[in-house]
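Shown next, in structure tokens, is the structure this report addresses.
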Amino acid sequence: MPAFPDRFAWGVATAAYQIEGAAAQDGRGPSVWDTFVRQPGKIRDGHTGDVATDHYHRWAEDVALMKDLGLDAYRFSIAWPRIQPAGNGEPNHAGLDFYDRLTDALLAAGIKPVPTLYHWDLPQPIEDAGGWLSRDTAHRFASYAQIMATRLSDRVGQWITLNEPFVVTAYGYALGIHAPGKSLMLDALPTVHYQLLGHGLANQALRAAGAAEVMITNNYSPAWPASSSAADIEAAAAYDVLQNRIFTDPILLGEYPDLSAYGIGEAGLPCIADGDLAVISAPVDGLGVNYYSPTRLAALPDSPLPFQMQPIPGYQTTAFGWPVIPAGLSELLGLLHERYGDRLPPVYITENGCSQDDKPSPDGTVSDPGRIEYLDGHLRAVLDAIAAGVDVRGYFQWTLVDNFEWSEGYHQRFGLVYLDLETRNRTPKASYAWYKNLIAAQHAGRAGSAAV
Ligand code: IFM
């Protein structure tokens with residue numbers, strides 16, 4: 001692998017509900033996911049995150065794995081319901097203490113902690129009060145952000161507000177396949193604005209409490225028309241607005257993209273109040289980019305969502321059935337660079353990885369050549385984008401240990417480390433050794449390193 005820039009951060013990413021378990025321990029309150037997983041038929045085989053990877057108890061083991069990998073940085077999320085079980089008010093000290101211990105252990109291991117404040121586990125009492133359909137949730141989110149930065153900003157510099165707000169709106173509120181399971185279709189659009197407002201208010205609160213850098217993480221996917229017909233090109237453009245622009249234009253450009261494909265006129269979403277866009281568009285220090293694959297779109301006339309997704313033929317697929325297209329990542333980074341120009345802050349790939357049907361062989365080792373090929377290809381795509389002038393500063397592989405993959409339960413294994421679902425024991429896969437060697441070689445090649 002050719003050399004990445006000297007200060008490039010090598011990391012892995014996780015999320016609280018997917019790894020922590022201990023769902024009812026030390027004062028943690030229920031989140032929308034605790035509620036959702038108990039609804040029959042929502043999660044494959046009725047799996048839950050009650051135990052997950054048991055990271056809440058095994059965090060020291062996980063930090064040791066990360067230290068052994070030689071990581072520069074670790075992106076994890078903080079469980080809001082551990083901090084404010086009722087969704088507001090005084091923090092739960094046991095919750096704060098957990099992230100305090102984790103932060104100290106990471107720093108002692110030479111790993112920079114990069115917390116995400118919200119990776120989908122909304123406290124259930126907030127959902128009961130309207131969730132992301134309510135403006136008040138944005139303000140509650142800012143209060144929670146302030147609590148966290150007050151506690152950790154002496155040791156944590158880089159903060160991420162939201163993870164993939166597109167998924168919350170689309171899967172959680174429009175289609176009902178994620179928590180809180182609402183199927184509101186276009187009536188879910190206020191959740192776009194209130195999440196963005198939550199980001200903006202949290203940006204202010206984090207900085208006021210001492211945070212040095214604030215970012216947001218979005219998931220992006222190049223929108224490929226299924227054909228060269230005008231209708232399919234229009235369908236792809238409509239999808240592009242929803243996945244790639246609606247959560248980015250307001251932050252980087254201070255305005256919403258054209259939403260006419262969704263019946264929204266020039267006056268914009270009725271829930272936008274004076275001054276909101278100024279809050280939302282306050283500067284950020286980085287943009288988190290999650291990439292898994294492009295999306296192929298065909299027109300779908302007479303439907304509130306004017307597109308239908310189609311499989312992309314001609315590529316290998318992951319266990320999830322997602323096509324493996326590394327060039328889509330360089331295309332995406334180029335698109336962001338072109339679209340936002342000087343307003344694009346430094347970019348961090350905050351998630352990228354693949355699920356594979358990994359199984360231990362009789363000798364106990366886990367061979368996952370498909371994952372190695374996937375990561376190798378996507379890292380080379382990042383290098384292509386850097387060579388083309390995109391300022392990419394880090395890469396967080398998704399994910400350290402196989403974990404709870406939302407509606408798929410434990411069926412999709414994305415980890416560098418195999419999780420035994422009976423014992424919760426961890427076995428590093430071949431990709432773990434590959435990533436470790438890659439990081440060591442990149443570190444050794446840095447200007448001023450002993451090996452040069
Ligand atoms: O596991 C998820 C993660 O929580 C958000 N981004 C995509 C990953 C893989 O589906």
Side-chain angles (χ1 to χ4, degrees), residues 11 13-17 31-32 73-84 87-88 99 103 112-123 126 131-132 134-153 156-169 172 191-220 246-254 276-290 343-351 393-394 396:
T14 65
Y17 189 73
S31 79
V32 290
Y74 172 44
R75 173 179 179 239
F76 59 98
S77 83
I78 294 170
W80 189 351
R82 264 191 213 292
I83 305 303
Q84 291 185 302
N88 58 16
Y99 297 106
T103 297
K112 175 176 161 178
V114 183
T116 300
L117 288 168
Y118 181 67
H119 197 125
W120 308 349
D121 43 0
L122 192 71
I126 301 186
W132 287 112
S134 164
R135 173 172 282 267
D136 185 49
T137 298
H139 290 279
R140 293 201 199 199
F141 182 60
S143 306
Y144 153 61
Q146 190 251 335
I147 290 170
M148 289 317 307
T150 301
R151 180 63 176 250
L152 294 180
S153 66
V156 171
Q158 195 173 22
W159 294 78
I160 298 172
T161 55
L162 306 176
N163 176 72
E164 301 184 0
F166 168 75
V167 174
V168 172
T169 293
T191 66
V192 171
H193 187 65
Y194 293 139
Q195 287 188 88
L196 282 167
L197 185 62
H199 157 80
L201 294 169
N203 188 354
Q204 290 175 350
L206 287 165
R207 289 183 201 281
E213 290 184 47
V214 179
M215 310 172 24
I216 185 169
T217 280
N218 283 315
N219 57 317
Y220 297 97
I246 205 168
F247 288 102
T248 311
D249 285 18
I251 295 175
L252 299 184
L253 305 179
D276 284 359
L277 279 159
V279 172
I280 291 167
S281 62
V284 285
D285 304 284
L287 179 67
V289 169
N290 293 356
R343 302 199 188 186
L344 183 69
V347 167
Y348 294 82
I349 308 301
T350 39
E351 283 182 32
R393 303 244 176 123
F396 295 80

* To do: Take T169 and F247, measure what side chain to side chain contact (heavy atoms under 4.5 Å, CB included) needs, and give me the verdict at the end.
  => CA-CA 11 Å; T169 293; F247 288 102; 3.6 Å; yes
Please report the closest heavy-atom contact between [X] and [Y], naming both atoms and the distance.
{"X": "V284", "Y": "R207", "answer": "CA-NH2, 4.0 Å"}
{"X": "G254", "Y": "S281", "answer": "CA-CB, 3.7 Å"}
{"X": "R75", "Y": "I160", "answer": "NE-CD1, 3.5 Å"}
{"X": "P115", "Y": "V156", "answer": "CD-CG1, 3.4 Å"}
{"X": "A211", "Y": "S153", "answer": "N-CB, 3.9 Å"}
{"X": "T161", "Y": "A202", "answer": "CG2-CB, 4.1 Å"}

* Asked: Roughly how far, to the nearest 0.5 Å, is OG1 of T191 from CG of L196?
  ->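 These two atoms lie 9.5 Å from each other.
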* When rounded to the nearest 0.5 angstrom, what is the spacing between CE in M148 and CG in L117? ->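 CG of L117 is found 7.5 Å from CE of M148.
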* Asked: Is there a donor in the side chain of S77 and an acceptor in the side chain of Y17, or the other way round, less than 3.5 Å apart?
  ->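 S77 vs Y17: no donor-acceptor pair found between side chains.
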* Going by atom types only, do E351 and T217 share a side-chain donor-acceptor pair under 3.5 Å? -> no
* Could you check Y144, W132, W159 and say which one makes a ring pair (Phe, Tyr, Trp, His ring centres under 6.0 Å) with Y118? =>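 Single ring pair (Phe, Tyr, Trp, His ring centres under 6.0 Å) partner of Y118 among Y144, W132, W159: W132.
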* Any pair with a residue in residues 194-203 that passes salt bridge (Lys or Arg N to Asp or Glu O under 4.0 Å), sequence neighbours left out, goes on the list, sorted by first then second residue, please. => none
* **Test item: N88 side-chain N/O and R140 main-chain N/O as donor-acceptor pair under 3.5 Å** => no
* Candidate pair F141 and Y194, rule side chain to side chain contact (heavy atoms under 4.5 Å, CB included), full reasoning -> CA-CA 10 Å; F141 182 60; Y194 293 139; over 6 Å; no
* Asked: So, do I246 and F166 sit near enough that their side-chain heavy atoms are less than 4.5 Å apart?
  -> no
* Identify whether the distance between the nearest side-chain nitrogen and carboxylate oxygen of R393 and D285 falls below 4.0 Å. => no
* List for me each residue that meets salt bridge (Lys or Arg N to Asp or Glu O under 4.0 Å) alongside R343, sequence neighbours excluded, and say none if there are none. => none
* Parallel under 30°, tilted from 30 to 60°, perpendicular over 60°: which one fits the rings of F76 and Y99? -> parallel
* Asked: In chain order, what residues pass the side-chain contact (heavy atoms from CB on, under 4.5 Å) check against Q158, with sequence neighbours excluded?
  ->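 Q158 satisfies side-chain contact (heavy atoms from CB on, under 4.5 Å) with K112, V114, E213, M215, Y348 once adjacent residues are dropped.
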* Asked: Can you name the one residue among T116, N290, N219 that meets side-chain hydrogen bond (donor to acceptor under 3.5 Å, both in side chains) with N163?
  ->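 That would be N290.
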